[in-house]
A.B. asks: 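Input: one structure, supplied below.
These numbers come from a predicted model, not from an experiment. When reading the values below, keep in mind they use all heavy atoms of this one structure, side chains included, and skip hydrogens, waters and symmetry mates.
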Amino acid sequence: MSLELTESVQKLVDGLTESYSEKLIEVYNASGHTYIRVEADALLDIVKFAKEEYHFIFLSDIIGVDRYTSEERFEVLYNILNLRTQDRIFLKVRVPEEEPVLESLFSVYRSANWLEREVYDMFGIRFNNHPDPRRVYMPDDFQYFPLRKEFPLLGIPGSIELPNTTPDTE
Amino acid sequence: MGIESALGEGYLTTKIDALTNWARANAAWPMPMGLACCAIEMMAFAGPRYDVSRFGSEVFRFSPRQSDVMIVAGWTTYKMSHAIRRIWDQMPDPKWCIAMGACASTGGMHRCYGVVQGVDNFLPVDAYISGCPPRPDAVIHALMKIQDKIKNEHSVLLDT
(Lines give C-alpha, C1' and ligand atoms only; values in the text may rest on other atoms or scores of the structure.)
Protein backbone atom coordinates (compact mmCIF):
# COMPACT_ATOMS: atom_id res chain seq x y z
CA MET A 1 0.00 0.00 0.00
CA SER A 2 1.54 3.25 -1.11
CA LEU A 3 0.54 6.19 1.00
CA GLU A 4 1.12 9.80 0.17
CA LEU A 5 1.02 11.59 3.48
CA THR A 6 1.94 15.13 4.34
CA GLU A 7 4.78 15.60 6.75
CA SER A 8 2.76 16.15 9.90
CA VAL A 9 0.33 13.32 9.14
CA GLN A 10 3.29 11.02 8.46
CA LYS A 11 4.70 12.01 11.85
CA LEU A 12 1.39 11.21 13.52
CA VAL A 13 1.13 7.84 11.79
CA ASP A 14 4.71 7.02 12.78
CA GLY A 15 4.00 8.05 16.35
CA LEU A 16 0.84 5.95 16.46
CA THR A 17 2.64 2.95 15.00
CA GLU A 18 5.26 3.29 17.69
CA SER A 19 2.95 3.71 20.68
CA TYR A 20 -0.32 2.05 19.62
CA SER A 21 0.68 -0.49 16.98
CA GLU A 22 -1.68 -3.18 18.27
CA LYS A 23 -4.64 -0.73 18.27
CA LEU A 24 -4.07 0.48 14.73
CA ILE A 25 -6.18 -1.42 12.20
CA GLU A 26 -5.55 0.39 8.93
CA VAL A 27 -4.35 3.63 7.41
CA TYR A 28 -5.47 4.59 3.94
CA ASN A 29 -6.06 7.50 1.60
CA ALA A 30 -9.36 8.14 -0.11
CA SER A 31 -10.74 11.24 -1.84
CA GLY A 32 -7.62 13.14 -0.90
CA HIS A 33 -7.96 12.56 2.82
CA THR A 34 -6.24 10.26 5.29
CA TYR A 35 -8.28 7.74 7.23
CA ILE A 36 -6.98 5.93 10.31
CA ARG A 37 -9.09 3.12 11.67
CA VAL A 38 -8.40 2.22 15.29
CA GLU A 39 -9.80 -0.05 17.97
CA ALA A 40 -12.71 1.57 19.81
CA ASP A 41 -11.29 0.93 23.28
CA ALA A 42 -8.12 2.91 22.50
CA LEU A 43 -9.88 5.87 20.88
CA LEU A 44 -9.68 8.25 23.82
CA ASP A 45 -5.96 7.61 24.37
CA ILE A 46 -5.16 7.97 20.69
CA VAL A 47 -7.08 11.24 20.39
CA LYS A 48 -5.32 12.62 23.45
CA PHE A 49 -2.01 11.53 21.97
CA ALA A 50 -2.76 13.21 18.62
CA LYS A 51 -3.84 16.39 20.35
CA GLU A 52 -1.03 16.73 22.82
CA GLU A 53 1.93 15.43 20.80
CA TYR A 54 0.96 16.37 17.22
CA HIS A 55 -1.18 19.48 17.65
CA PHE A 56 -4.42 18.04 16.24
CA ILE A 57 -6.29 20.48 18.45
CA PHE A 58 -9.54 20.97 16.55
CA LEU A 59 -12.36 18.42 16.43
CA SER A 60 -14.31 19.63 13.42
CA ASP A 61 -17.00 16.98 13.09
CA ILE A 62 -18.24 13.61 14.26
CA ILE A 63 -20.05 11.48 11.69
CA GLY A 64 -22.11 8.38 12.31
CA VAL A 65 -22.40 5.67 9.67
CA ASP A 66 -24.82 2.75 9.55
CA ARG A 67 -22.98 0.10 7.55
CA TYR A 68 -25.93 -2.28 7.93
CA THR A 69 -23.83 -5.38 8.20
CA SER A 70 -24.22 -8.14 10.75
CA GLU A 71 -20.86 -7.47 12.37
CA GLU A 72 -19.73 -4.13 13.74
CA ARG A 73 -22.72 -2.42 12.25
CA PHE A 74 -21.99 1.20 13.14
CA GLU A 75 -19.01 3.33 12.33
CA VAL A 76 -18.09 6.70 13.82
CA LEU A 77 -15.69 9.12 12.13
CA TYR A 78 -13.85 11.84 13.97
CA ASN A 79 -12.63 14.66 11.77
CA ILE A 80 -9.68 16.33 13.48
CA LEU A 81 -7.35 19.07 12.31
CA ASN A 82 -3.83 20.19 12.97
CA LEU A 83 -4.17 23.97 13.04
CA ARG A 84 -0.45 24.61 12.53
CA THR A 85 -0.07 22.67 9.30
CA GLN A 86 -3.74 22.72 8.23
CA ASP A 87 -3.75 18.92 8.00
CA ARG A 88 -6.95 17.00 8.37
CA ILE A 89 -7.37 13.35 9.29
CA PHE A 90 -10.33 11.11 9.88
CA LEU A 91 -10.18 8.69 12.79
CA LYS A 92 -12.57 5.78 12.48
CA VAL A 93 -13.94 3.32 14.97
CA ARG A 94 -16.55 0.60 14.58
CA VAL A 95 -19.12 -0.41 17.16
CA PRO A 96 -21.38 -3.46 17.28
CA GLU A 97 -25.16 -3.23 16.97
CA GLU A 98 -25.95 -4.94 20.30
CA GLU A 99 -23.84 -2.63 22.44
CA PRO A 100 -23.27 0.65 20.58
CA VAL A 101 -21.27 2.45 23.25
CA LEU A 102 -18.17 4.61 22.87
CA GLU A 103 -16.14 6.72 25.23
CA SER A 104 -17.00 10.44 25.03
CA LEU A 105 -14.28 12.77 23.75
CA PHE A 106 -15.65 15.69 25.73
CA SER A 107 -12.69 15.62 28.14
CA VAL A 108 -10.34 16.24 25.18
CA TYR A 109 -12.42 18.39 22.82
CA ARG A 110 -15.25 20.59 24.10
CA SER A 111 -16.89 20.53 20.66
CA ALA A 112 -17.61 16.83 21.16
CA ASN A 113 -20.55 17.80 23.36
CA TRP A 114 -23.08 18.67 20.65
CA LEU A 115 -21.52 16.50 17.96
CA GLU A 116 -21.86 13.36 20.08
CA ARG A 117 -25.40 14.32 21.02
CA GLU A 118 -26.20 14.52 17.32
CA VAL A 119 -24.74 11.08 16.64
CA TYR A 120 -26.73 9.70 19.57
CA ASP A 121 -29.89 11.38 18.30
CA MET A 122 -29.63 9.96 14.79
CA PHE A 123 -27.98 6.55 15.33
CA GLY A 124 -28.50 5.66 18.98
CA ILE A 125 -24.79 5.29 19.66
CA ARG A 126 -24.28 6.14 23.34
CA PHE A 127 -21.27 7.93 24.74
CA ASN A 128 -19.87 7.13 28.18
CA ASN A 129 -19.13 10.09 30.46
CA HIS A 130 -20.93 12.54 28.21
CA PRO A 131 -21.90 15.61 30.27
CA ASP A 132 -25.32 16.14 28.69
CA PRO A 133 -26.58 13.12 26.74
CA ARG A 134 -29.88 14.51 25.46
CA ARG A 135 -31.33 14.52 21.96
CA VAL A 136 -30.72 17.50 19.68
CA TYR A 137 -33.21 17.38 16.82
CA MET A 138 -35.88 14.88 17.75
CA PRO A 139 -38.31 15.24 20.68
CA ASP A 140 -37.02 13.96 24.02
CA ASP A 141 -39.55 11.13 24.20
CA PHE A 142 -38.93 9.95 20.63
CA GLN A 143 -38.15 6.25 20.67
CA TYR A 144 -36.39 5.72 17.33
CA PHE A 145 -33.16 6.72 15.63
CA PRO A 146 -33.98 8.22 12.23
CA LEU A 147 -30.72 7.66 10.35
CA ARG A 148 -30.63 3.93 11.02
CA LYS A 149 -31.21 2.09 7.78
CA GLU A 150 -34.31 0.25 8.94
CA PHE A 151 -36.09 3.48 9.86
CA PRO A 152 -38.74 4.34 7.23
CA LEU A 153 -38.16 7.56 5.28
CA LEU A 154 -41.50 9.07 6.24
CA GLY A 155 -41.12 8.09 9.87
CA ILE A 156 -43.38 5.96 12.00
CA PRO A 157 -46.97 7.28 11.97
CA GLY A 158 -48.01 8.67 15.33
CA SER A 159 -44.50 8.54 16.78
CA ILE A 160 -44.32 12.36 16.99
CA GLU A 161 -47.27 14.29 18.32
CA LEU A 162 -49.02 16.99 16.31
CA PRO A 163 -50.64 19.88 18.17
CA ASN A 164 -54.14 19.55 19.52
CA THR A 165 -56.43 21.08 16.90
CA THR A 166 -59.40 21.66 19.22
CA PRO A 167 -57.85 23.43 22.21
CA ASP A 168 -61.07 25.13 23.35
CA THR A 169 -63.12 21.99 23.73
CA GLU A 170 -62.81 19.03 25.99
CA MET B 1 -62.86 65.44 5.93
CA GLY B 2 -65.75 63.36 7.16
CA ILE B 3 -67.97 61.06 5.21
CA GLU B 4 -70.61 63.81 5.19
CA SER B 5 -68.67 66.00 2.82
CA ALA B 6 -68.09 63.08 0.45
CA LEU B 7 -71.71 62.04 0.30
CA GLY B 8 -73.34 65.35 0.85
CA GLU B 9 -76.80 65.44 2.33
CA GLY B 10 -78.62 62.15 2.57
CA TYR B 11 -78.04 58.62 3.78
CA LEU B 12 -76.87 55.23 2.65
CA THR B 13 -78.49 51.86 3.18
CA THR B 14 -76.66 48.58 3.29
CA LYS B 15 -76.56 45.30 5.14
CA ILE B 16 -74.42 45.16 8.26
CA ASP B 17 -72.85 41.99 6.83
CA ALA B 18 -71.82 43.81 3.69
CA LEU B 19 -70.33 46.63 5.70
CA THR B 20 -68.34 44.46 8.12
CA ASN B 21 -67.21 42.15 5.34
CA TRP B 22 -66.05 45.10 3.30
CA ALA B 23 -64.11 46.41 6.27
CA ARG B 24 -62.61 43.04 7.14
CA ALA B 25 -61.70 42.18 3.56
CA ASN B 26 -59.76 45.38 3.10
CA ALA B 27 -57.85 45.25 6.35
CA ALA B 28 -56.65 41.67 6.57
CA TRP B 29 -53.47 42.09 8.57
CA PRO B 30 -51.08 39.19 8.10
CA MET B 31 -49.31 37.29 10.84
CA PRO B 32 -46.02 36.36 9.17
CA MET B 33 -44.94 32.81 9.98
CA GLY B 34 -41.68 32.83 8.04
CA LEU B 35 -39.92 29.49 8.38
CA ALA B 36 -37.81 29.18 5.24
CA CYS B 37 -37.12 30.61 1.77
CA CYS B 38 -40.81 31.45 1.17
CA ALA B 39 -40.46 34.09 3.88
CA ILE B 40 -38.23 36.17 1.59
CA GLU B 41 -40.95 36.21 -1.07
CA MET B 42 -43.45 37.06 1.65
CA MET B 43 -41.33 40.08 2.60
CA ALA B 44 -41.27 41.20 -1.03
CA PHE B 45 -45.05 40.89 -1.06
CA ALA B 46 -45.20 43.54 1.66
CA GLY B 47 -42.43 45.66 0.17
CA PRO B 48 -42.76 48.61 -2.24
CA ARG B 49 -42.48 46.65 -5.50
CA TYR B 50 -45.56 44.48 -4.96
CA ASP B 51 -47.03 46.83 -2.38
CA VAL B 52 -49.76 44.86 -0.71
CA SER B 53 -50.89 47.97 1.13
CA ARG B 54 -53.09 48.47 -1.95
CA PHE B 55 -55.16 45.68 -0.41
CA GLY B 56 -54.88 46.88 3.17
CA SER B 57 -52.58 44.02 4.17
CA GLU B 58 -49.23 45.70 4.55
CA VAL B 59 -49.35 45.78 8.35
CA PHE B 60 -47.24 42.83 9.42
CA ARG B 61 -47.96 42.90 13.14
CA PHE B 62 -45.63 40.20 14.52
CA SER B 63 -48.22 39.93 17.23
CA PRO B 64 -50.96 37.33 16.94
CA ARG B 65 -53.39 39.47 18.94
CA GLN B 66 -53.66 42.02 16.12
CA SER B 67 -53.59 39.74 13.09
CA ASP B 68 -56.25 38.28 10.83
CA VAL B 69 -54.40 36.17 8.27
CA MET B 70 -51.62 33.77 9.11
CA ILE B 71 -49.22 33.17 6.22
CA VAL B 72 -47.30 29.95 6.88
CA ALA B 73 -44.26 30.46 4.67
CA GLY B 74 -41.91 27.52 4.66
CA TRP B 75 -41.52 23.96 5.81
CA THR B 76 -42.92 22.99 9.20
CA THR B 77 -41.22 20.47 11.42
CA TYR B 78 -43.13 18.52 14.01
CA LYS B 79 -41.31 20.48 16.70
CA MET B 80 -42.26 23.84 15.14
CA SER B 81 -45.87 22.82 14.54
CA HIS B 82 -46.65 23.26 18.24
CA ALA B 83 -45.38 26.85 18.20
CA ILE B 84 -47.38 27.63 15.06
CA ARG B 85 -50.55 26.17 16.51
CA ARG B 86 -50.06 28.16 19.71
CA ILE B 87 -49.72 31.42 17.76
CA TRP B 88 -52.76 30.49 15.67
CA ASP B 89 -54.77 29.89 18.83
CA GLN B 90 -53.75 33.33 20.12
CA MET B 91 -55.12 35.08 17.03
CA PRO B 92 -58.62 36.49 17.56
CA ASP B 93 -61.53 35.24 15.47
CA PRO B 94 -62.38 35.62 12.66
CA LYS B 95 -59.10 34.48 11.17
CA TRP B 96 -57.80 32.98 7.98
CA CYS B 97 -54.79 30.92 6.98
CA ILE B 98 -52.63 30.78 3.87
CA ALA B 99 -50.33 27.80 3.28
CA MET B 100 -47.61 29.40 1.20
CA GLY B 101 -45.57 27.21 -1.13
CA ALA B 102 -45.13 23.50 -1.69
CA CYS B 103 -43.63 22.78 1.74
CA ALA B 104 -46.39 24.37 3.80
CA SER B 105 -49.07 22.86 1.56
CA THR B 106 -47.79 19.28 1.20
CA GLY B 107 -44.36 18.91 2.77
CA GLY B 108 -42.87 19.63 -0.64
CA MET B 109 -39.45 18.16 -1.27
CA HIS B 110 -39.04 17.46 2.45
CA ARG B 111 -40.59 14.04 2.27
CA CYS B 112 -39.15 12.84 5.54
CA TYR B 113 -39.82 11.90 9.15
CA GLY B 114 -39.24 15.34 10.69
CA VAL B 115 -41.45 17.51 8.48
CA VAL B 116 -45.24 17.73 8.69
CA GLN B 117 -46.60 16.80 5.27
CA GLY B 118 -48.82 19.85 4.95
CA VAL B 119 -49.87 22.35 7.61
CA ASP B 120 -53.52 21.35 7.10
CA ASN B 121 -52.69 18.48 9.43
CA PHE B 122 -53.06 20.93 12.31
CA LEU B 123 -54.37 24.24 10.86
CA PRO B 124 -57.60 25.06 8.97
CA VAL B 125 -56.09 26.34 5.71
CA ASP B 126 -58.16 28.70 3.53
CA ALA B 127 -55.78 29.14 0.59
CA TYR B 128 -52.94 27.02 -0.73
CA ILE B 129 -50.26 28.57 -2.93
CA SER B 130 -48.29 26.38 -5.30
CA GLY B 131 -44.68 27.05 -6.19
CA CYS B 132 -41.27 26.68 -4.66
CA PRO B 133 -41.05 29.44 -3.64
CA PRO B 134 -44.11 31.18 -5.12
CA ARG B 135 -43.73 34.68 -6.48
CA PRO B 136 -45.13 37.58 -4.43
CA ASP B 137 -47.89 37.93 -7.06
CA ALA B 138 -49.08 34.48 -6.11
CA VAL B 139 -49.32 35.53 -2.47
CA ILE B 140 -51.36 38.56 -3.51
CA HIS B 141 -53.59 36.22 -5.52
CA ALA B 142 -54.15 34.08 -2.45
CA LEU B 143 -54.93 37.17 -0.43
CA MET B 144 -57.49 38.25 -3.05
CA LYS B 145 -59.08 34.80 -2.89
CA ILE B 146 -59.40 35.19 0.86
CA GLN B 147 -60.90 38.64 0.35
CA ASP B 148 -63.51 37.07 -1.94
CA LYS B 149 -64.20 34.52 0.74
CA ILE B 150 -64.56 37.17 3.43
CA LYS B 151 -66.94 39.21 1.26
CA ASN B 152 -69.29 36.23 0.97
CA GLU B 153 -69.40 35.46 4.66
CA HIS B 154 -72.40 35.80 6.94
CA SER B 155 -70.34 37.43 9.59
CA VAL B 156 -72.80 39.11 11.96
CA LEU B 157 -76.34 37.85 11.57
CA LEU B 158 -77.08 34.21 11.10
CA ASP B 159 -79.95 33.09 8.89
CA THR B 160 -82.67 31.64 11.06
Side-chain angles (χ1 to χ4, degrees), chain A residues 61-68 73-77 97 100 113-127 130 132-170, chain B residues 31-36 63-65 67-100 102-128:
Chain A
D61 205 358
I62 301 179
I63 303 155
V65 180
D66 186 353
R67 301 167 61 240
Y68 210 52
R73 177 174 165 187
F74 298 109
E75 194 164 68
V76 181
L77 279 85
E97 180 177 1
N113 188 341
W114 278 46
L115 298 172
E116 284 174 354
R117 276 175 65 183
E118 188 183 348
V119 171
Y120 168 70
D121 196 4
M122 292 289 132
F123 292 95
I125 298 166
R126 296 191 307 279
F127 292 89
H130 191 283
D132 186 21
R134 287 177 300 142
R135 282 180 175 269
V136 180
Y137 300 116
M138 306 308 292
D140 288 335
D141 57 351
F142 192 62
Q143 292 173 359
Y144 310 93
F145 301 106
L147 286 192
R148 287 192 176 185
K149 293 268 189 190
E150 78 270 17
F151 188 82
L153 183 65
L154 269 176
I156 291 162
S159 60
I160 318 179
E161 233 179 305
L162 275 171
N164 182 8
T165 50
T166 51
D168 296 324
T169 52
E170 287 296 315
Chain B
M31 170 74 223
M33 198 69 236
L35 305 166
S63 158
R65 313 257 180 231
S67 314
D68 308 292
V69 186
M70 178 185 260
I71 306 178
V72 184
W75 55 307
T76 307
T77 58
Y78 279 88
K79 270 188 168 179
M80 194 64 194
S81 65
H82 294 268
I84 296 173
R85 181 70 206 192
R86 172 174 288 191
I87 289 169
W88 171 258
D89 287 338
Q90 285 171 348
M91 286 167 58
D93 284 323
K95 53 195 172 184
W96 294 272
C97 179
I98 297 176
M100 179 179 174
C103 298
S105 303
T106 66
M109 65 173 175
H110 303 284
R111 192 163 170 75
C112 78
Y113 56 88
V115 177
V116 183
Q117 304 292 303
V119 292
D120 49 8
N121 279 304
F122 60 94
L123 284 181
V125 176
D126 293 291
Y128 300 88

A.B. asks: Look up atom CG in A:N164 and atom CZ in B:R86, then write down how far apart they are to the nearest 0.5 Å.
C.D. replies: 12.5 Å
A.B. asks: Crowded around B:W96 CH2? As in, over 12 foreign heavy atoms under 6.0 Å?
C.D. replies: yes
A.B. asks: Hey, could you give me the CZ/OH distance between A:F142 and B:Y113, rounded to the nearest 0.5 Å?
C.D. replies: 8.0 Å
A.B. asks: Are more than 12 heavy atoms from other residues, nucleotides or ligands located less than 6.0 Å from atom CD of A:E161?
C.D. replies: no
A.B. asks: Most heavy-atom pairs under 4.5 angstrom with chain B, which of A:P139, A:G155, A:P146, A:P152?
C.D. replies: A:P146
A.B. asks: For B:V115, is it the side chain, the backbone, both or neither that has a heavy atom under 4.5 Å from a heavy atom of chain A?
C.D. replies: neither
A.B. asks: Pick one of side chain, backbone, both or neither for A:Y137, based on which atoms fall under 4.5 Å of a heavy atom in chain B.
C.D. replies: backbone
A.B. asks: Nearest 0.5 Å, please: how far is CD1 in A:I160 from NZ in B:K79?
C.D. replies: 9.5 Å
A.B. asks: Of all heavy-atom pairs between A:L162 and B:S81, which one has the smallest distance, and what is that distance?
C.D. replies: CD2-OG, 4.0 Å
